[in-house]
Amino acid sequence: MARNRALRITRLLHKGLNLAITRIPSTTHEPLLWEYAESRESTDIVSLDDSYGLYIDGEFRKPKSRNSFTTVNPANEDVLAKVSEAGPADVDDAVSAARAAYENVWGPMSGAERAKYIFRIARMIQERSRELAVLETLDGGKPIKESRDIDLPLVAGHFFYYAGWADKLDYAFPGIKPKPLGVAGQVIPWNFPMLMLAWKVAPALAAGNTVVLKPAETTPLTALLFAELTQEAGLPPGVLNVVTGAGKTGAAVVSHDDVDKVAFTGSTAVGKLIQSQLAGTSKKLTLELGGKGAHVIFEDAPLDQAVEGVINGIFFNQGHVCCAGSRLFVEESIHDRFVDKLKRRLDTLRVGDPMDKNTDIGAINSKEQLDKINELVDAGQSEGAEIFQPDCELPQKGFYFRPTLFTGVSQSHRIAQEEIFGPVLSILSFRTPDEAVEKANNTPYGLSAGIWTTKGSRILWMADRLKAGVVWANTFNKFDPTSPFGGYKESGFGREGGRHGLLAYMDWDEG
């Protein structure tokens with residue numbers, strides 16, 4: 001009986017993955033079947049309130065607008081909480097609080113004292129990183145292993161990095177005497193809520209500015225938890241203010257007369273509108289907008305490594321990445337072989353519950369975004385491109401989309417020109433390096449690019465010609481607090497991260 005009974009062993013640790021092994025009775029002569037055992041992260045560490053107020057002048061308060069909206073878990077469509085919607089009067093209160101804090105407390109404070117607060121916040125982010133990661137996944141849909149292992153370490157790293165600069169601004173840029181701008185209005189997107197917060201808040205505070213932050217309406221919860229964390233860290237009231245809401249709230253922040261600096265990350269269309277509104281004003285502006293990143297694979301590249309780089313470049317965070325390598329250019333001599341490798345790799349990706357540590361591709365952030373992805377994928381098929389999707393079962397509830405490849409794509413296809421912002425890759429071929437550069441640059445965007453080759457001279461030659469703000473060599477989607485990030489053309493202007501990220505929040509006199 002024992003020989004005829006399937007032996008099931010769960011929770012076998014193999015290279016950090018939880019696997020379940022099913023052994024078929026030997027009399028059947030069938031091979032072993034392998035399955036993943038569920039390894040779901042507990043959500044008990046997160047305590048959600050039924051409703052959340054606005055964080056203004058060091059305290060949570062009810063909105064004067066009396067309006068609210070709900071935020072949902074995109075993995076199962078469950079309502080997480082009711083969140084206040086800030087109106088113009090609420091934004092005015094937040095800006096007034098930020099102005100008072102800037103003039104009376106934060107602006108006059110020495111850089112060394114400001115550094116102590118920022119450093120304390122960084123340490124508290126580390127201490128509560130698991131809680132923040134779980135909440136980020138609940139509210140946004142990204143896999144917990146990405147929130148836990150990528151997003152939160154980078155968030156803490158940015159605060160540590162800029163805490164170190166706060167008392168060294170006089171030495172950051174030779175020949176200038178820096179001074180803060182005043183009140184910074186910051187509008188961040190839903191794809192990396194905590195990381196985008198860190199990219200903007202940390203350098204603004206280090207440079208001596210105060211902040212009015214508007215998180216995305218679909219992912220406001222980690223920003224509100226961060227506000228609570230700064231309150232516990234003793235950050236003076238008014239230095240950070242968080243006003244939640246949709247586009248109208250963001251517009252009120254951007255257009256407020258007493259905001260000195262606007263930082264926006266989001267769509268190119270909204271970025272153009274903001275730039276037109278601020279034209280002729282004295283406000284400083286930085287924009288980090290859309291992208292259609294080119295990923296170029298030469299025939300001498302280490303193909304198996306390049307496959308992993310391509311997978312990371314487009315399927316990381318469900319493709320909700322402005323710098324995603326969404327256009328793949330493969331040298332013609334290896335095109336078919338490389339595409340076959342990619343297809344086999346796609347068959348191994350796990351799509352499903354973001355809280356499961358085995359999940360590679362989680363939930364699409366919202367129904368609206370899922371509809372946009374479906375619309376562009378349908379356009380790709382109708383225009384003649386050949387689609388490939390692995391045969392994987394999607395959860396019945398929630399917003400999910402299979403990882404997708406398109407071959408037979410031409411430069412004129414919508415899927416090769418428009419930002420899909422989802423797990424969809426368009427594959428084209430090239431014969432010469434000059435052709436690769438020409439095709440890669442045939443886009444209104446200029447945010448990122450990647451190159452795979454064993455020739456260092458070719459890497460430098462390509463990087464010098466690709467019109468992208470960031471060019472990765474034999475890797476993709478690698479970020480570091482010390483390295484500036486940004487684009488040009490319709491991908492925006494200004495830099496975030498690194499020493500250069502301070503410039504956006506400083507004014508100066510010539511030394």
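Residue numbers count from 1 along this sequence.
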| message | Test of understanding: with ring-ring contact (aromatic ring centres under 6.0 Å, His included), list the residues that count as partners of H320, not counting sequence neighbours. | response |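 Residues passing ring-ring contact (aromatic ring centres under 6.0 Å, His included) with H320: W190, F421.
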| task | Can you sort out the partners of F406 under ring-ring contact (aromatic ring centres under 6.0 Å, His included), two or more places apart, ordered by chain and number? | result |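 Partners of F406 under the ring-ring contact (aromatic ring centres under 6.0 Å, His included) test: none.
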If you measure from [atom1] on [X] to [atom2] on [Y], what distance do you get to the nearest 0.5 Å?
X	Y	atom1	atom2	value
L346	L405	CG	CG	4.5 Å
K145	K357	NZ	NZ	11.5 Å
I373	D378	CD1	CG	12.0 Å
K214	Q186	NZ	CD	13.0 Å
L135	T43	CG	OG1	10.5 Å
N104	R99	CG	CZ	11.0 Å

Shortest non-hydrogen contact from [X] to [Y]?
X	Y	result
E217	G245	CB-O, 3.4 Å
L466	A449	CD1-CB, 3.8 Å
T71	D139	OG1-OD1, 2.6 Å
P390	R402	O-CD, 3.3 Å
V212	A98	CG2-CB, 4.0 Å
V91	A86	CG2-CB, 4.4 Å

[X]: what forms a salt bridge (charged side-chain N to carboxylate O under 4.0 Å, His left out) with it, not counting sequence neighbours?
X	result
K272	E490
D49	none
E418	R414

Heavy-atom check, side chain of [X] versus side chain of [Y], under 4.5 Å:
X	Y	answer
V254	L278	yes
P444	Q417	yes
C322	E419	yes
V377	F401	yes
V270	F264	yes
L205	Y162	no
I311	L349	yes
R61	Y55	no

| task | Mind jotting down which residue pairs meet the salt bridge (charged side-chain N to carboxylate O under 4.0 Å, His left out) criterion with at least one end in residues 495-505? Sequence neighbours excluded, please. | result |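 Qualifying pairs, neighbours excluded: K200-E496.
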Test of understanding: with side-chain contact (heavy atoms from CB on, under 4.5 Å), list the residues that count as partners of [X], not counting sequence neighbours.
X	answer
N477	N312, F316, V321, C323, W472, F479
E127	R123, M124
A198	V155, H158, F159
S491	Y445, L447

Is it the case that [X] and [Y] place a side-chain donor and acceptor less than 3.5 Å from each other?
X	Y	answer
T286	K261	yes
T404	Q389	yes
S366	T218	no

Determine yes or no for a side-chain-to-main-chain donor-acceptor pair under 3.5 angstrom, with [X] supplying the side chain and [Y] the backbone.
X	Y	value
Q318	A363	yes
T137	V134	no
D480	T482	yes
D149	E146	no
N209	A204	yes
R130	I45	no
K284	M506	yes
D507	L181	no

| task | For the residue pair F160 and F119, categorise the inter-ring angle as parallel (less than 30°), tilted (30 to 60°) or perpendicular (more than 60°). | result |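 F160 vs F119 ring planes: perpendicular.
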| task | Report the C-alpha distance between N67 and S84 in whole Å, list the side-chain angles of each, state the deciding distance to 0.1 Å, and finish with yes or no for side-chain contact (heavy atoms from CB on, under 4.5 Å). | result | CA-CA 6 Å; N67 294 329; S84 296; over 6 Å; no
| query | Looking at the rings of F192 and W199, which for Trp means the six-membered one, are their centres under 6.0 Å apart? | reply |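 Ring-ring flag for F192/W199: false, centres at least 6.0 Å apart.
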| Can you check whether W106 and Y117 have ring centres sitting under 6.0 Å from each other? |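 Between Y117 and W106, which both carry aromatic rings, the centre distance is below 6.0 Å.
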| Pairs satisfying side chain to side chain donor-acceptor pair (under 3.5 Å), at least one member in residues 244-256, at least two apart |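 Qualifying pairs, neighbours excluded: D92-H256.
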Are [X] and [Y] close enough for a salt bridge, meaning some N to O gap below 4.0 Å?
X	Y	answer
D170	K177	no
R40	D353	yes
K372	E375	no
R120	E232	no

| query | When F315 is tested against each of V424, D360, I361 for side chain to side chain contact (heavy atoms under 4.5 Å, CB included), which residue passes? | reply |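 Only match with F315 under side chain to side chain contact (heavy atoms under 4.5 Å, CB included): I361.
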| task | Apply side-chain contact (heavy atoms from CB on, under 4.5 Å) to N191 and N365, showing your working. | result | CA-CA 8 Å; N191 56 335; N365 181 261; over 6 Å; no
| query | Has K168 got more than 12 heavy atoms of other residues, nucleotides or ligands less than 6.0 Å from its NZ? | reply |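 Result for NZ/K168: enclosed.
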Throw together a table of side-chain donor-acceptor distances under 3.5 angstrom for residues 219-231, partners on residues two or more places apart or in other chains.
from : atom 1 : to   : atom 2 : distance (Å)
T222 : OG1    : E136 : OE1    : 2.7
T230 : OG1    : A227 : O      : 2.7
Q231 : NE2    : G58  : O      : 2.9

| task | Walk me through it: do L240 and T210 pass the test side-chain contact (heavy atoms from CB on, under 4.5 Å)? | result | CA-CA 6 Å; L240 172 75; T210 54; over 6 Å; no
